[in-house]
Amino acid sequence: MKQKKIVAVSFFMAFFSIIVFLCSFFFEDRTMEKGVESALVNPKNKEKIYFVEFSKKGETLLLKKNENFWYCSGNGIFTFADEEKIEKFLSALTEIRTVYKVLDSERENFDMDSFQISNFRVSLFSSSGEVLGILYFGKTDSLTSRIIFSSKNGRIVFETEDDFSSFLNMAVDFWVKMEIFFGVKNPSNLNFSPDNLHLLYSLRHGKTKSLSELPAVSRLVNGFTVYGQFQDYHSIEIYEYESNGRSEYFYRQNVSSSKEEDRAFFELSGITYMTLCNLLNEQRK
């Protein structure tokens, strides 16, 4: 009996040693691989980027820059985009980083066209329509936390540290400007305390919807305008409508310094609406 236990333990230790030995080859190969220092997009082109197009499986979302603002267009919606989020994404694309070669389609049995068709495409254009870069992003390796990608005309698939996945998002609500008042930085018509001014600028809206989804029956219940120093302004009109026996709210906006027409409306929670009303009443005192 004792002899059998010794044999079993010896067998287990031998098996475990083989597994460790094989794994050492794999991890050694991963850690010793040599990367190349490069950017996914030429850093010199960062300031030239005026259009960013996301597309996957027939769906498309467009980010567009026009003078002071970035805009988001998709699903019948055209409205202001979060420029800070866009800046972070463009910085990630244009910073120098370590990239590793994964597959060479000319040397290996790999269909690059199928890879590009089935994955997330990011296209970058200048204000004149010049192509500044087209990239295809695939899956992220859970072991290395690297994301695979290729360029439009390249025949090699690379991988790099994944700080892109969070930006590969086709949802309009991910990219839109969430603050209700952003069009005027230094208001001239508000006699607010610093706390109330901070509260006003911290308010956020809910879902963004296309004008085709406007409620059939609604009524204008309030309005709010913030004026700047040089006759610029940001105004909103708040509407109320009934839904399942409850009062719901939404607003439309107008930013005077924008050269683009805002084609969207924004859901407003009851709490946010009451906060705005209280601030407006405070202003009228």
ring-ring contact (aromatic ring centres under 6.0 Å, His included), paired with Phe181, selected from Tyr201, Tyr251, Phe224: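 Considering Tyr201, Tyr251, Phe224, a ring-ring contact (aromatic ring centres under 6.0 Å, His included) with Phe181 is found only for Phe224.
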
Nearest 0.5 Å, what's the [atom1]-[atom2] distance between [X] and [Y]?
X: Met178; Y: Phe266; atom1: CE; atom2: CZ; answer: 9.5 Å
X: Leu203; Y: Leu279; atom1: CG; atom2: CG; answer: 6.5 Å
X: Ile147; Y: Phe137; atom1: CD1; atom2: CZ; answer: 6.0 Å
X: Glu83; Y: Lys88; atom1: CD; atom2: NZ; answer: 11.5 Å
X: Thr225; Y: Asn254; atom1: OG1; atom2: CG; answer: 9.0 Å
X: Tyr100; Y: Thr144; atom1: OH; atom2: OG1; answer: 9.0 Å

Listed partners of [X] passing side-chain contact (heavy atoms from CB on, under 4.5 Å), at least two apart:
X: Ala39; result: Pro43, Ile96
X: Lys152; result: Ile134, Tyr136
X: Asn119; result: Phe115
X: Ser142; result: none

Are [X] and [Y] close enough that some pair of their side-chain heavy atoms sits under 4.5 Å apart?
X: Phe149; Y: Leu40; value: yes
X: Val221; Y: Tyr273; value: yes
X: Leu268; Y: Glu248; value: no
X: Ile86; Y: Trp175; value: yes
X: Tyr227; Y: Val184; value: no

Return the minimal non-hydrogen interatomic distance between [X] and [Y], and the atom names on each side.
X: Pro187; Y: Leu190; result: CB-CD1, 3.8 Å
X: Ala264; Y: Ile77; result: CB-CG2, 3.8 Å
X: Ser166; Y: Phe174; result: O-CZ, 3.0 Å

Expected list for residues 60-72: side-chain donor-acceptor pairs under 3.5 angstrom, two or more places apart:
from, atom 1, to, atom 2, distance (Å)
Lys64, NZ, Glu260, OE2, 2.8
Asn66, ND2, Glu260, OE2, 2.8
Tyr71, OH, Ser258, OG, 2.6

Arg263 to Phe78, cation-pi by 6.0 Å centre distance and 45° axis angle: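 Satisfied, under 6.0 Å and within 45°.
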
Exceeds 12 heavy-atom contacts within 6.0 angstrom, atom CD of Glu37: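 Count over threshold, so yes.
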
Heavy atoms of other groups near Gln229 CD, more than 12 under 6.0 Å: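 For Gln229, atom CD is crowded (more than 12 foreign heavy atoms under 6.0 Å).
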
If only atom types and distance count, is the side chain of [X] paired as donor or acceptor with the main-chain N or O of [Y] below 3.5 Å?
X: Ser126; Y: Ile49; answer: no
X: Asp82; Y: Lys85; answer: yes
X: His234; Y: Gly228; answer: no
X: Asn196; Y: Phe192; answer: no
X: Arg97; Y: Ala92; answer: yes
X: Asp141; Y: Leu143; answer: yes
X: Asp173; Y: Thr208; answer: yes

Those residues that, when tested against Phe89, pass ring-ring contact (aromatic ring centres under 6.0 Å, His included) (two or more places apart):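 Residues passing ring-ring contact (aromatic ring centres under 6.0 Å, His included) with Phe89: Phe54, Phe167.
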
Could you pull out all residues at least two apart from [X] that satisfy salt bridge (charged side-chain N to carboxylate O under 4.0 Å, His left out)?
X: Arg121; answer: Glu53
X: Lys46; answer: Glu87
X: Glu213; answer: none
X: Lys209; answer: Glu267

Derivation and outcome, side chain to side chain contact (heavy atoms under 4.5 Å, CB included), residues Asn222 and Leu280: CA-CA 10 Å; Asn222 222 325; Leu280 184 60; 3.1 Å; yes

Steps toward side chain to side chain donor-acceptor pair (under 3.5 Å) verdict (Ser165, Asp162): CA-CA 6 Å; Ser165 289; Asp162 183 14; 2.6 Å; yes

Criterion side chain to side chain contact (heavy atoms under 4.5 Å, CB included) on Asp262 and Gln253, from CA distance to verdict: CA-CA 7 Å; Asp262 192 77; Gln253 66 184 357; 3.4 Å; yes

Solution key, residues 235-244 side-chain donor-acceptor pairs under 3.5 Å, sequence neighbours excluded:
from, atom 1, to, atom 2, distance (Å)
Glu237, OE1, Tyr239, OH, 2.9
Glu240, OE1, Arg219, NE, 3.4
Glu240, OE1, Arg219, NH2, 2.7
Glu240, OE2, Ser247, OG, 2.7
Glu242, OE2, Ser247, OG, 3.4

Side chain to side chain contact (heavy atoms under 4.5 Å, CB included) between Leu124 and Asn45, intermediate numbers included: CA-CA 10 Å; Leu124 310 166; Asn45 289 334; over 6 Å; no

Side chain to side chain donor-acceptor pair (under 3.5 Å) between Asp232 and Ser257, worked out: CA-CA 6 Å; Asp232 56 325; Ser257 55; 5.3 Å; no

Cluster check Tyr249, Leu220: I/L/V/M/F/W/Y, side chain < 4.5 angstrom: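 Different clusters.
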
Carboxylate-amine/guanidinium proximity below 4.0 Å for Lys101 and Glu159: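 No, this pair does not count.
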
Derivation of the side chain to side chain donor-acceptor pair (under 3.5 Å) call for Thr98 and Glu161: CA-CA 8 Å; Thr98 305; Glu161 179 185 355; over 6 Å; no

Val41 and Leu135: CA distance, side-chain angles, deciding distance, side chain to side chain contact (heavy atoms under 4.5 Å, CB included) verdict: CA-CA 9 Å; Val41 176; Leu135 298 165; 4.0 Å; yes

Contacts of Thr94 that satisfy side chain to side chain donor-acceptor pair (under 3.5 Å) - sequence neighbours left out: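 For Thr94 there are no side chain to side chain donor-acceptor pair (under 3.5 Å) partners, ignoring immediate neighbours.
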
Side-chain donor-acceptor contact under 3.5 Å, Thr272 with Ser269: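 Indeed, the side chains of Thr272 and Ser269 share at least one donor-acceptor pair under 3.5 Å.
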
